Q: 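Submitted below is the structure of interest, expressed as structure tokens.
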Amino acid sequence: LLAFLAMILSTNCGGDDTPTEPTAQELAQEQLSATWSLSGGFIRLDGRDVSGNFQGFNLSYSGNSYSTTNAGDLFSAAGTWSWVADSDRQILLDDGKQISISILSDTDLTFTFQINGTGGEVAGLPGSYEISLKN
């Protein structure tokens, strides 16, 4: 009886101290949390380089908010974002833009999005954008 009680107590005492692995979204969000600069990168509209229209462009992520400098009409000066479902490569901005991340590392961020020009989205010339930024 004592052995049985000892076995029950030992299996019920203490918690699982094994740390959980971060999710893909948590890892991606950690990499995104930085200030990303156009310096050394590019902004393309339908394959045409339009980087010269965005001199000094920066994009900063912190938590679930973002801010930009020198974004012209391409992005709001500040806003919020969220992951699209369980993806760690799809972001939805509060202005309705859906961002698809193709490259994300500690030093490089490349993403694409579409502006349809239907009046439902804020700012920017209609077309397909590809943006490459450096940290």
Side-chain angles (χ1 to χ4, degrees):
L1 180 63
L2 285 175
F4 178 72
L5 286 173
M7 182 180 77
I8 290 175
L9 287 175
S10 69
T11 59
N12 288 334
C13 292
D16 184 7
D17 292 337
T18 306
T20 59
E21 292 293 318
T23 66
Q25 283 183 345
E26 289 169 336
L27 292 172
Q29 186 161 352
E30 185 176 315
Q31 284 183 309
L32 278 173
S33 295
T35 297
W36 299 92
S37 170
L38 182 58
S39 180
F42 59 80
I43 297 177
R44 295 182 183 141
L45 170 59
D46 295 329
R48 193 177 72 249
D49 192 327
V50 294
S51 304
N53 297 335
F54 301 95
Q55 294 297 316
F57 172 72
N58 287 312
L59 172 62
S60 297
Y61 285 100
S62 179
N64 285 87
S65 60
Y66 71 92
S67 62
T68 64
T69 54
N70 298 330
D73 290 332
L74 200 54
F75 292 100
S76 301
T80 59
W81 66 275
S82 61
W83 294 110
V84 175
D86 293 331
S87 175
D88 64 333
R89 293 294 187 239
Q90 299 284 318
I91 291 175
L92 182 63
L93 301 183
D94 57 351
D95 68 1
K97 285 185 188 80
Q98 186 165 326
I99 306 292
S100 296
I101 299 171
S102 56
I103 297 173
L104 177 60
S105 71
D106 291 336
T107 58
D108 296 288
L109 171 61
T110 302
F111 59 93
T112 60
F113 61 93
Q114 182 77 29
I115 295 181
N116 297 322
T118 59
E121 297 184 58
V122 176
L125 293 173
S128 179
Y129 285 85
E130 180 182 22
I131 298 178
S132 177
L133 304 173
K134 305 292 182 184
N135 181 11

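What's counted below: heavy atoms across the whole structure, side chains too, no hydrogens, waters or symmetry copies. The shown structure was predicted, so the numbers you read here are calculated from the model rather than taken from an experiment. When a residue number appears, it is its place in the shown sequence, counting from 1.
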Q: Is the closest side-chain heavy-atom distance between N135 and D106 below 4.5 Å?
A: no

Q: So, do N64 and Q29 sit near enough that their side-chain heavy atoms are less than 4.5 Å apart?
A: yes

Q: Where is the tightest heavy-atom contact between T23 and E26, given as atom of each residue plus distance?
A: N-OE1, 2.8 Å

Q: Can you sort out the partners of T80 under side-chain hydrogen bond (donor to acceptor under 3.5 Å, both in side chains), two or more places apart, ordered by chain and number?
A: none

Q: Please give me the minimum heavy-atom distance between F75 and I99, naming the atom from each residue.
A: CE2-CD1, 4.4 Å

Q: State the CD-OH distance between Q114 and Y129, to the nearest 0.5 angstrom.
A: 9.5 Å

Q: If every non-hydrogen atom of A85 is compared with every non-hydrogen atom of Q25, which pair is closest and at what distance?
A: O-NE2, 3.1 Å

Q: Under the side-chain contact (heavy atoms from CB on, under 4.5 Å) rule, collect the residues that match up with T35, sequence neighbours excluded.
A: N58, S60

Q: For the residue pair L104 and F111, establish whether any side-chain heavy-atom pair is separated by less than 4.5 Å.
A: no

Q: List for me each residue that meets ring pair (Phe, Tyr, Trp, His ring centres under 6.0 Å) alongside Y61, sequence neighbours excluded, and say none if there are none.
A: W81

Q: With sequence neighbours left out, write down each residue that passes side-chain hydrogen bond (donor to acceptor under 3.5 Å, both in side chains) with S62, or none if nothing qualifies.
A: none

Q: Considering residues at least two apart in sequence or located in another chain, which fulfil the side-chain hydrogen bond (donor to acceptor under 3.5 Å, both in side chains) criterion with S100?
A: Q90

Q: List the residues meeting salt bridge (charged side-chain N to carboxylate O under 4.0 Å, His left out) with R89, not counting sequence neighbours, and say none if there are none.
A: none

Q: Would a 4.5 Å heavy-atom cut-off, applied to side chains only, mark I131 and L74 as touching?
A: yes

Q: List in chain and number order the residues that pass salt bridge (charged side-chain N to carboxylate O under 4.0 Å, His left out) with D108, two or more places apart in sequence or in another chain; answer none if no residue qualifies.
A: K134

Q: Hydrophobic side-chain clustering at under 4.5 Å (ILVMFWY, transitive links): who's grouped with L27? Put none if nobody.
A: none

Q: Going by the rule side-chain contact (heavy atoms from CB on, under 4.5 Å), which residues pair with N70 if we only count those two or more places apart in sequence or in a different chain?
A: none

Q: Can you list the residues that meet the side-chain contact (heavy atoms from CB on, under 4.5 Å) rule with S132, with sequence neighbours excluded?
A: F42, T110

Q: Quick one: closest heavy-atom pair of G41 and S51, and the distance?
A: O-OG, 4.5 Å

Q: Decide yes or no for T69 and F57: does some side-chain heavy atom of the first lie under 4.5 Å from some side-chain heavy atom of the second?
A: no

Q: To check you understand the geometry: which heavy-atom pair defines the closest contact between F54 and L38, and what is its length?
A: O-CD2, 3.3 Å

Q: Starting from L92, walk the hydrophobic network (Ile, Leu, Val, Met, Phe, Trp, Tyr; side-chain heavy atoms closer than 4.5 Å) and list everyone else you reach, by chain and number.
A: V84

Q: Measure the CG-OG distance between D94 and S76 for me, rounded to the nearest 0.5 Å.
A: 6.0 Å

Q: Shortest non-hydrogen contact from I115 to L125?
A: CB-O, 3.8 Å

Q: Please name all residues satisfying side-chain hydrogen bond (donor to acceptor under 3.5 Å, both in side chains) with S33, sequence neighbours left out, ordered by chain then number.
A: none

